[in-house]
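Residue numbers start from 1 in every chain, and the chains themselves are labelled A, B, ... in the order their sequence lines are given, proteins ahead of strands.
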Amino acid sequence: MQSYDHKEIEKKWRKVWEEQKLDEVDPAKVENGFYCLDMFPYPSGEGLHVGHWRGYVLSDYFARYYRLQGKTVLHPMGFDAFGLPAENAAIKNKSHPKEYNAKTIPVFINQLKAIGAMYDWTKTIDTSDPGYYKWTQWLFLQFFKHGLAEKRNSWVNWCPKDQTVLANEQVVNGCCERCGMKVTKKQLSQWYLKITDFAEELLDGLETLEWPENVKLLQKNWIGRSDGAYVVFHADKVSLKVFTTRVDTLFGVTSLVLAPEHPDVENVTTKEFQNSVLQYVEQSKERTELDRQKNTDQTKTGVFTGGYALHPLTHKQIPIWVADYVLPNYGTGALMLVPAHDERDYEFAKGHQIPTLPVVESADDLPYEGDGKLVNSGIYDGLESIEAANKIAKDLEARGIGGPTVNYRLRDWLVSRQRYWGAPIPIVYDPEGTPHAVKDEHLPILLPTDVDFQPGGESPISRSKEFRARAEQLYGKGWHFETDTLDTFVDSSWYYLRFLSPDDQSRPFDPKLIAKWLPVDLYIGGIEHAILHLLYARFVYRFLVRHEYIKIDNPEPFQKLFNIGMVGLNGAKMSKSKGNIVSPDPLVEHYGTDALRGYELFLGPMENSLDWNPRGINGVHRFLIKLYSLTSKVSNDSNDDQESLFDQYLTKINAMMKDFRLNTVLSEAMIFVNSLNSSKAVNKTVLERLVVTLSPAFPFISEELWADLGHKESVFLTHWPKSFGTANSVPKVKILIDQKFIDEIDIDENMTEEKLLKLIKDMPQFSQKLGGQEIKRTIYKKGELLNIITRG
RNA sequence: GCCUGGGUGGUGGAAUGGUAUACACGAUCGACUUAAAAUCGAUUGUCGCAAGGCAUGCGGGUUCGACUCCCGCCCCAGGCACCA
């Protein structure tokens, strides 16, 4: 069998494609655009492994497929180059993160080029480039100008190892998303973007998206809408507002409980209890969120404040407690304690001799959390929970002491970071300390270079003399810049807009091009960004649409999302530190780019995470050799069988492609090639059409075969093939006797059951099985099967 | 604890309610070769010489027919986790 020289072919076509600028697109000149986007990578020094390849091969497959469908495909690539990894690597190597990136990015680009993907390299962006982060700073200022960026003093997540605050989304199981260190709490003044203003539309917008259901669900749960009511309780000096989803249990309240961080704790605490309350509050400050959460199964701690509030309906005196199982950041940071109908409240009450007062008719078990008829609830007795809740909420509203409300679990996005390698937050403080937006003409606020960027709990930039001098020079004596930098997720929240006009010096993006190209038609990346990046980007885009920076009907940036599964080795995630990285390089060297691309797709369903099997690539390689050898028996003689086989193949793969089932697309291709391989001659047109269908997966060998078949132009300038229009094969009927498959026969589509049965009885393979047995019954599905039952 | 997905050969995995195990990998045997690699051919769920049984995590159910639908368990992965 004739082999083929993959190195020769790759070299040849790579050059031709580059010369013809086949992958370059001018977004302004296109009417039928298709925006195919990969989640852009951080250009790590670890290099690409076979797991990274998978996502890039997948996006390239569809980029090429849609090009063959007649679309002009924009497929850009850029680098999320700001952030901790570059900074930490630089600290370790005693170099500058900028130098580190300058070294790693070209290596990274070469590795990406090895994939043979049709990236438009004229549109590359680097988020750490001043030409880019100028506009990241501009973006922040737009939030500031609309009152959606705010500096707030509050308790924040703090990573003691990375020496920086973290957004809520970056705390995983109480630990730092990056380094795994236990996250502690710190009270700091930090910048927030008010994503909670968009909670409802971010939730509603999910319904319009063609995203995997599990990702939509993750976002839905993260946003965490809960419908309930607020209720106001009056105490001596203050009124306390609580949020509840069970306002029907209002008559069962036996206490109010405040979070230790609640601002009114000292206002309700009596002299007598001052010491114990103060001590408790101090003590809970020292506990990390994780410690507080771990308490779940133990007795809940808390102290009595000595204060009382008036129940709004019964006018009873309700004691006020402080307990750290009450979260300061959810609802109002205070809750009404209903031990009879809430498990956590029950547990707390039990440990502190607080009475339990059932108000919903129930089984004897306490706590009972279900719905039911109300008891001990005055005029509401006898009503069902839902009815009662509605009525009570309305009555409270009428009296101005409560009412229906919606609460979200989502919290505002903390964007300040006490690290060096990011975009400086473009805020300048006057001598009194009031924040002002940096003037547009001063953007970008460049990162100072005269600093040692060892993290020290405070932003390293604050140590820059030049940075201090710059502020005074631009704004006057006593003025100073904000010294924190922006979370890198701000950089990546808008990069997909920049790809359309990456070199525009005058504005961050071109609204006209955005109206033309957005939303992104296909977005491919890992599931790890299900909440972080994908939620932030939706928020930023919706902000830009709401305030008409972009005029577009659909306020969602990514219409269709596909999550590529991760590739591990022996059950572990690949990483340099574990030393288990499988490099694509030797595989490309030995089997060729096409073989590795095909194997990545053939491994299994694209959304599945799986373990790398180093051996299987052989199969794809053999397939390519077989495919290549078909050229030696090309014939112009028409061949009905091959045309019909092609049509069946095409119908199958067209359907499979819609569901991203590329592993079975390749299986079908293998079946078809195996069958052609066993023929003496292969019809030229059939082979041509086959080659086109294989070109998205195997661009190099397809281009070579296409040229061999006499074509002067690239295979990627042709169109996805149509069927030969062969009749959809002869109708076949499967014959089963007693549920067991015997044979398949060709018959007239409209044959009646009687005629068919008669026919069968005369055919030896069936008559033998049937013997003389009595036919009890039959099941006949026209054009499909006949099941003959002789038993039972 | 709650919410999602999953559980099919030695392995990755196929199967609009209709021949379970496609397509590959690996393995075994054979051909070619001085030999090896590559390549080609055969076999490959399991028990059985065979006929034929038995097998899609476990137990039930619906159906002429269930990997597929329903009910109850078990296990694995991911997410959330005192969210009032």
State whether the number of non-hydrogen atoms from other residues, nucleotides or ligands found under 6.0 Å of A:E753 atom CD is greater than 12.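 Yes, CD of A:E753 has more than 12 neighbouring heavy atoms, counting only those of other groups under 6.0 Å.
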Return yes when atom CD of A:E528 has more than 12 non-hydrogen atoms of other residues, nucleotides or ligands closer than 6.0 Å, and no otherwise. yes
Mind listing the closest non-hydrogen atom pair of A:I617 and A:P614 along with its distance? CG2-O, 4.1 Å
For A:I318 against A:T254, the heavy-atom pair lying closest together: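 That closest heavy-atom pairing would be CG2-C, 4.1 Å.
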Tell me whether A:R597 forms a cation-pi arrangement with A:W53, defined as NZ or CZ under 6.0 Å from the six-membered ring centre and within 45 degrees of its axis.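 Verdict for A:W53: no cation-pi partner in A:R597.
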Here's one to test your reading of the geometry: is the NZ or CZ of A:K300 within 45 degrees of the ring axis of A:F348 and under 6.0 Å from its centre? no
When the [atom1] atoms of [M] and [N] are compared, how many Å lie between them, rounded to an integer?
| N | M | atom1 | result |
| --- | --- | --- | --- |
| B:U11 | B:G26 | C1' | 7 Å |
| B:C2 | B:G9 | C1' | 36 Å |
| B:G18 | B:C70 | P | 16 Å |
| B:G60 | B:C49 | C1' | 38 Å |
| B:G48 | B:G10 | P | 16 Å |
| B:A81 | B:G12 | C1' | 35 Å |
| B:C25 | B:U43 | P | 16 Å |
| B:G17 | B:G65 | C1' | 8 Å |

Atom [atom1] of [X] and atom [atom2] of [N]: how far apart are they, to the nearest Å?
| X | N | atom1 | atom2 | answer |
| --- | --- | --- | --- | --- |
| A:K216 | B:G79 | NZ | P | 21 Å |
| A:D659 | B:U16 | CG | P | 11 Å |
| A:L786 | B:U19 | CG | P | 14 Å |
| A:I617 | B:U11 | CD1 | C1' | 17 Å |
| A:E261 | B:C82 | CD | C1' | 14 Å |
| A:Y599 | B:C23 | OH | P | 17 Å |
| A:Y591 | B:C25 | OH | C1' | 11 Å |
| A:N787 | B:U19 | CG | C1' | 12 Å |

Could you tell me the Watson-Crick or G-U partner of [N], where both distances fall under 3.5 Å? Say none if there is no partner.
| N | result |
| --- | --- |
| B:C64 | B:G18 |
| B:C73 | B:G57 |
| B:U39 | B:A31 |
| B:C2 | B:G79 |
| B:C23 | B:G12 |

Dump every N/O contact between nucleotides 26-29 of chain B and the protein below 3.5 Å, one line per pair.
unit_1	atom_1	unit_2	atom_2	d
B:G26	OP1	A:N618	ND2	3.2

Once you apply a heavy-atom cut-off of 4.0 Å, does [X] come out as touching a base, just sugar-phosphate, or nothing?
| X | answer |
| --- | --- |
| A:E784 | base |
| A:S226 | sugar-phosphate |
| A:L785 | base |
| A:K740 | nothing |

Syn or anti for B:G10, given that syn means the glycosidic angle lies within 90° of 0?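 This nucleotide is in anti.
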Options [options], nucleotide nearest the side-chain atoms of [X]:
| X | options | answer |
| --- | --- | --- |
| A:P605 | B:A22, B:G12, B:A14 | B:A14 |
| A:N663 | B:C80, B:C64, B:G13 | B:G13 |
| A:N674 | B:C23, B:C82, B:C64 | B:C23 |
| A:T664 | B:A14, B:G18, B:C23 | B:A14 |
| A:K626 | B:C40, B:A84, B:G18 | B:C40 |
| A:R777 | B:C25, B:C64, B:A84 | B:C64 |
| A:S667 | B:C64, B:C23, B:C80 | B:C23 |
| A:L327 | B:A84, B:A24, B:C25 | B:A84 |
| A:E744 | B:C25, B:C23, B:U19 | B:U19 |
| A:F741 | B:U19, B:G18, B:C64 | B:U19 |

Which atoms of nucleotides 1-8 of chain B (N or O only) lie under 3.5 Å from a protein N or O atom, and what are those distances?
none

Taking salt bridge (Lys or Arg N to Asp or Glu O under 4.0 Å) as the cut-off, I'd like each qualifying pair that reaches into residues 780-789 of chain A, sequence neighbours left out, listed once.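 Every pair satisfying salt bridge (Lys or Arg N to Asp or Glu O under 4.0 Å) with a residue in residues 780-789 of chain A: there are none.
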Could a donor-acceptor pair under 3.5 angstrom be found where the side chain of A:K300 meets the base of B:C82?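 Side chain to base: pair found, below 3.5 Å.
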Side-chain N or O of A:R661 versus OP1/OP2 of B:C23: is the shortest distance under 4.0 Å? no
With a 4.0 Å limit, can you tell me whether A:R409 has a side-chain N or O closer than that to the phosphate oxygens OP1/OP2 of B:C80?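 It does not, given that no N or O in the side chain of A:R409 lies less than 4.0 Å from OP1 or OP2 of B:C80.
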Under 3.5 Å, side-chain donor or acceptor atoms of residues 656-667 of chain A against the rest of the protein: list the pairs with distances, not counting sequence neighbours.
unit_1	atom_1	unit_2	atom_2	d
A:T664	OG1	A:R661	O	3.0
A:S667	OG	A:N663	O	3.2

Residue closer to the 5' end of RNA chain B, A:S609 versus A:A334 (nearest nucleotide): A:S609
For A:G331 and A:L666, take the nucleotide of RNA chain B holding the closest heavy atom to each; which residue's nucleotide lies nearer the 5' end? A:L666
Checking A:T244 against A:V338 for the side chain to side chain contact (heavy atoms under 4.5 Å, CB included) test, could you report, in this order, the C-alpha distance in whole Å, the side-chain angles of both residues, the deciding distance, and whether it holds? CA-CA 10 Å; A:T244 177; A:V338 186; over 6 Å; no
Chi angles and distances behind the side-chain hydrogen bond (donor to acceptor under 3.5 Å, both in side chains) call for A:S226, A:Y330: CA-CA 11 Å; A:S226 68; A:Y330 186 75; 3.0 Å; yes
Residues which pass salt bridge (Lys or Arg N to Asp or Glu O under 4.0 Å) with A:D345, listed by chain and number, not counting sequence neighbours: none
Does A:V247 reach the side chain of A:L396, with side-chain heavy atoms less than 4.5 Å apart? yes
Check whether the ring centres of A:W413 and A:F489 lie less than 6.0 Å apart, and answer yes or no.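 Centroid distance A:W413-A:F489: not below 6.0 Å, so no.
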Does anything in residues 599-612 of chain A pair up under side chain to side chain donor-acceptor pair (under 3.5 Å), and if so which pairs, sequence neighbours excluded? none
